[in-house]
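A quick write-up on the structure given underneath.
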Amino acid sequence: MSDLVVEHLEVRYGDLIGVADVSMRVDNGQIVALLGSNGAGKTTTLNAIAGLVHASKGRVTWRGEVISGQPSYQVVGKGLALSPEGWRLFVSQTVEQNLRLGATALADRTRIEALFDRVYRLFPRLRERRHQLARTLSGGERQMLALGRALMSEPKMLLLDEPSLGLAPTVVESLYDTLLQLHGDGLTLLLAEQSIPLALGIADYAYVLQTGRVAIEGKATEMESNRQVQEIYLGIGTPTELQR
Amino acid sequence: MNKIPALSPTVLLAVALLIYPLIFSGAFYLDVGVTFLLAAISASAWNIVGGYAGQVSVGHAMFFGLGAYAPLLCYKLYGWTPMAGIPFGIAASVALAILIGIPTFRLTGHYFSMATIAVAELIRIYFGTWDLVGAAIGLQGPATARGWWDLTFRSELPYYYIFLTVLAVLLSFTYLMERHRFGYYLRAIKVGERAARSLGVPVQQTKIRALVLSAMFTSVAGSLYSVKTGFIDPESGFGILVSVQMVIIAALGGAGRLYGPLIGALILIPLQTATNTWFGGGGTGLTFIVYGGIIVLIARYEPGGIYDLWEQISPRRWRRKHAS
Amino acid sequence: MLLLQVIVGGLLLGAIYALFSSGLTLIWGMMNFINFAHGEFVMLGMYVSLLVVMYLGGGPAAFGFGAAFALFVLGVVVYLSLIRYVLRGPMLAQILSTFGLALLLRYTAFWIFSANFVSLPQTSLSGTINVGGILMPIPQLVAGVIAILLTIGLHLMLTCTTIGSQLLAVSEDRGAAMLMGIKPDRMQALAWGLSAGAAGIAGALMAIAYPWSPSVGETFGLTAFVVVALGGFGSVPGALFAGLIVGLIQALSAFWFGPIYKDIVVYALFVALLWLRPQGLMGKA
Amino acid sequence: MKGFRVLKAVAAAATAFTFYAAAQTNAAESVKIGIIWPLTGNAAAAGQASKAAAEVAADIVNNAHPELGDLPLAKTAGLPNMGGAKLELIFVDHQGNPSLAQQLATRLITQDKVHVLMGAYQSSCSFTATAVAERYGIPFMVGESAAGNITGRGFKWVFRGTPIASDYARTYMRFFADMKKQGKKIDSIAIVNENTDYGTSVADAIVEEAKKANVPVALRIPYSASSTDVSAQILQLKEKNPDVVIFISYTADSILYMKSMNNLQYKPPMVIGDDTGFSDPSFIPAVADAAQGAMNRSAWAIGKPGSTTYKINEMYKAKTGRDLDDTSARNMQSFFALADAINRAGSTDPEKIREALTKTDLKPEQLMMGYQGVKFDETGQNILAATYLIQLHDKSYELVWPDNAATAKLQWPMTGGKN
């Protein structure tokens, strides 16, 4: 049975359409990649799943429960955490405060220390800088903090929106190592990426979005050789997120 | 289809305003009518910069006050007809608009509102200490008219039609402005300054022009006030309530709409008059409890102003909006 | 010596400005919302103090807490019943709602307590102490010191506690805060409670030394706006410094140029500063 | 047009209400007095107190009060010359807004058909409201506004019962002259005035009279009545150290001054309050232990138990729970003068009432105030209006000047507070 099922999702921003029709599923323990050019609707899809924007049509089901229509502060409590595009850290607060905020939805408060420990073991840099303001961190450190913060709610599934954007190649590499490690620990991942080789390198399954619809889907291994995918990226499809 | 429904409310409104004095000929109702017209003029003047350009000034009393002082000052100093002061009021207001527009328009949002409040308060306090303008005691107009040119009438009727004419001029001007390129510039600025700039809109210049136009008409409103009342002091010219009333009337009716301020005044002035008539003599403060309560309810349930409500319930507009 | 005396007086008053402005700056920074009824919260704090003294016979500590608690509850109620609905609306609807609220609160107090001026009966705080020739009236001294401590306390609460961290998170990025599992509505209600509560205590502190009537809030409201804009919207330390500075400027200009010029000087400096540094003294650039 | 219907409905409702109000009383037999005061806004406290005073005055005229001695119209019920007609008061609230005062005067005259008008506390509102009365030819009694030029604008229909700014100033100068004769040192005075029309006009008058009387004004400090801190002013005074400080202040600020002077240990030889704030019933309880010996201008004195004024105060106190203050008492006195003129006119005809007003000649024993009488000059100003000086002894004011009326001995210098 699939953990996450998205059926015919549509999101409107006033008269603008962010996502026209997206259906997808993520199975327990999978890594699923969500591909597409800038403006194809990746971010909107993730935000709709996490409850940050409202679906105007369609529905999202998580482990048998319909979660579309629920606000994100409820969704996160069900084990589904989103690390949003651009990380959106609380830059005027310290590293530790950011992490603690990540644990807000945690039902079992006694787990906090263990979770801090896990994050600090994963990212020793964050332990060193735990009293520093988030705005003083470097790009790579910010990514670590964003990931760590999302992990603090002890999610079953992690939604990551363009985690590698704007990072140096070596930093991206270690990020993906970490993701694989987390996956090994049993975390399900839904990963939105612009960079195809990176995402397909670790994903089991992939969806390609174009103008707010699923254009192609398939096993990651098959996708890598699919010509259509390449075409989409060469700009045959137009970005339409802001189109009527 | 578009032209007729847009025209007929205007005609109805014009006829209604023209014949109001014939139906309500009592001096008190005429005075309420005059008060209503004055409120509509001030709020419509504010609307140019506050509504159309979206620059919420909470200090428009500075122009109102300058306009109000000028006629009575001319009368006091030189014994001229108060009418002679109106151009001086406009000139002073335009100068002030340019003077404060250049620096304050660099500020956005609440900072602009705060700066306008501060400037208006500054002028109010200063006028309260300035002997030439009567300091705290204020200035009086002619006690009895020397002739028609003193604009000191026994009846309210001439004031009513003078004010109505000014309102008509102002609204026609605004109507033309809406359709002129300048009007599009203003709307672009209201939606987003950065986007407007990227579309080639001269943002700073447009905002200052809007403020100057708004200041001119606000100044005229102030002159009309002091000529009709025959008295002005710092509080009734520059008081913060004068500014706030313009904002409230425009917001209540619908800011950035041609008839928004008019509709706002149509609601607020009778409301003020009615609550004061019914509860004022009791002295319990019920006047303002009811008045404040109604304002809160409107803000709570109809944040876009009454004009929005009207659009929602008007089936013709509804259909048009959803046809596209 | 005389000058030093003037400075001390200005700072003590400025401390109270700081306290009630810190409440205003909190919701201003967090929700980008102008509250025209903030001065009315101060006024209600004064009346609550009077009620506590008259009917419960409490001392300064009791009426301070009473005012803080009553106004906290009022702030939350106001948020839940009114503000949350206009928060997303146009700025004009916000002005409309809080201006209407100000009238409603002012004249409800007027109805209940009449227009007459009242003052608190002599409390246990009275007398003057003399520190090296500088006279400090004990009520003002206690009020000023408590106000500074409470403002610092509010700042520490925001920066050092989990709940404060959650409040700031909502003000910084509402969406991201929701992703953490924070309910913004609850935090904003809390912010309104804290804001009104701070105003309430400030009212209680003013009431010790100052007679008042229902229209007293008007004056405080305008002062608070200037302090908040000077200090930077949303900055509690900014409000503290700006409050002290405004108190000081008022006292000095009243002494040097005469009391009618003190507001002129404050407004002129304020306008000048806005031009030079639009984000305020300590605001985020 | 929808909005038009709303306006019409409101207007209709207002008309209906007016008819309803009119139907409730027997219009033919009563004299309608329209009274315009600030019942809300910043000056509401004064307006409310004056409203209660006018209601007491109407009660005295309308019902038989033989216990009140020579007070005109007290013995009889109603106006004897008009077959016992009653006075009917219609109060309206101008909120301190001159334009609204104008509109309300119009309403009272044209809708409520009042026979006479009274008002309007703030000078600004008196200016505009009296102009309407003049235009319609309705007598207007200015109860309390101090600004000099309310009368003297060539108006025929405006009368003022109260003394005005220049009267007060002359009183102070006569008092100083008296004191100098007794060997008190008055080499310089200071004036501290709130900066709206009231404080400014009184302070201007004092400066002018002081010049004539050769009393140096060492310092004049205008300030805003909404100040929350007055220590800077007190330190300025302390620096100049004048012999007498005159405060022209409203309520909150006068209390603040007395408290702060005590706190900052400043005590001039004498403090004189110019009525208003010093006469507010809130003043004494708030500063009794800080302002002992402070003087106050007042034409009103409660008097000894059993006196007419004492009885009036008891009636007022039963209604409001507070003592009658000077401001309200002056309004009340103006009201009596107006009622007396209406009675003598024997008619509600405005012209007859106006004529009766010009012939008013009330003697001191017919008054509740310490005036030398009520008699209007051709501008409408009461030329016999005068004032006492009273002094705070323990928890009440005692009349200390002029000597012939004094009930207690003047203390000079003042004792101030505990500090």
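In what follows, chains are A, B, ... by sequence order, proteins preceding strands, each numbered from 1. From a predicted model like this one, the values you see are computed outputs, not experimental measurements.
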Residues in ring pair (Phe, Tyr, Trp, His ring centres under 6.0 Å) contact with C:Y210, at least two apart in sequence or another chain: none
Pick from B:P103, B:A115, B:G285: which one has the most heavy-atom pairs with chain C under 4.5 Å? B:P103
Show the nearest heavy-atom pair for residues B:V296 and C:L101, with the distance to one decimal. CG2-N, 3.3 Å
With a 4.5 angstrom heavy-atom cut-off, is it the side chain or the backbone of B:L241 that approaches chain C, or both, or neither? side chain
For B:P303 and C:A93 the tightest heavy-atom approach is O-CB, 3.4 Å
Hey, are the side chains of C:L222 and B:E121 touching, using non-hydrogen atoms and a 4.5 Å cut-off? yes
CZ of B:R300 to OH of C:Y85, rounded to nearest 0.5 Å, is 4.5 Å
Option in C:L105, C:V228, C:I264 with maximal non-hydrogen atom pairs under 4.5 Å from chain B: C:I264
Is atom NZ of C:K183 surrounded by more than 12 heavy atoms (other residues, nucleotides or ligands) closer than 6.0 Å? no
B:E235 meets the side-chain contact (heavy atoms from CB on, under 4.5 Å) criterion, sequence neighbours left out, with B:R124, B:D233
Nearest 0.5 Å, please: how far is OG1 in C:T108 from CD1 in B:I289? 4.0 Å
Please state whether the side chain, the backbone, both or neither of C:F270 comes within less than 4.5 Å of a heavy atom of chain B. side chain
What pair of heavy atoms forms the shortest contact from C:L92 to B:A255, and how long is it? CD1-CB, 3.2 Å
Do you know which of B:T284, B:I295, B:T129, B:I294 has the most heavy-atom pairs with chain C at a distance under 4.5 angstrom? B:T284
Heavy-atom contact with chain C under 4.5 Å, split by part of B:Y291: side chain
Any B:S113 side-chain heavy atom under 4.5 Å of C:M91 side chain: yes
C:L104 and B:G292 have their tightest heavy-atom pair at CD1-C, 4.2 Å
Scanning both residues in full, the closest heavy-atom pair of B:A251 with C:L96 reads CB-CD1, 4.1 Å
Pairwise distance CG(B:L286) to CH2(C:W111) - rounded to 0.5 angstrom: 5.0 Å
Which answer fits C:S81, side chain, backbone, both or neither, if we ask what part of it has an atom under 4.5 Å from a heavy atom of chain B? backbone
Specify which of C:Y261, C:F110, C:Y107 makes the most heavy-atom pairs with chain B at under 4.5 Å. C:Y107
B:I123 versus chain C, heavy atoms under 4.5 Å apart: side chain, backbone, both or neither? neither
Please report the interatomic distance CD1(B:I125) to OH(C:Y267), rounded to the nearest 0.5 Å. 5.5 Å
Side chain, backbone, both or neither: which part of B:V290 has a non-hydrogen atom closer than 4.5 Å to chain C? neither
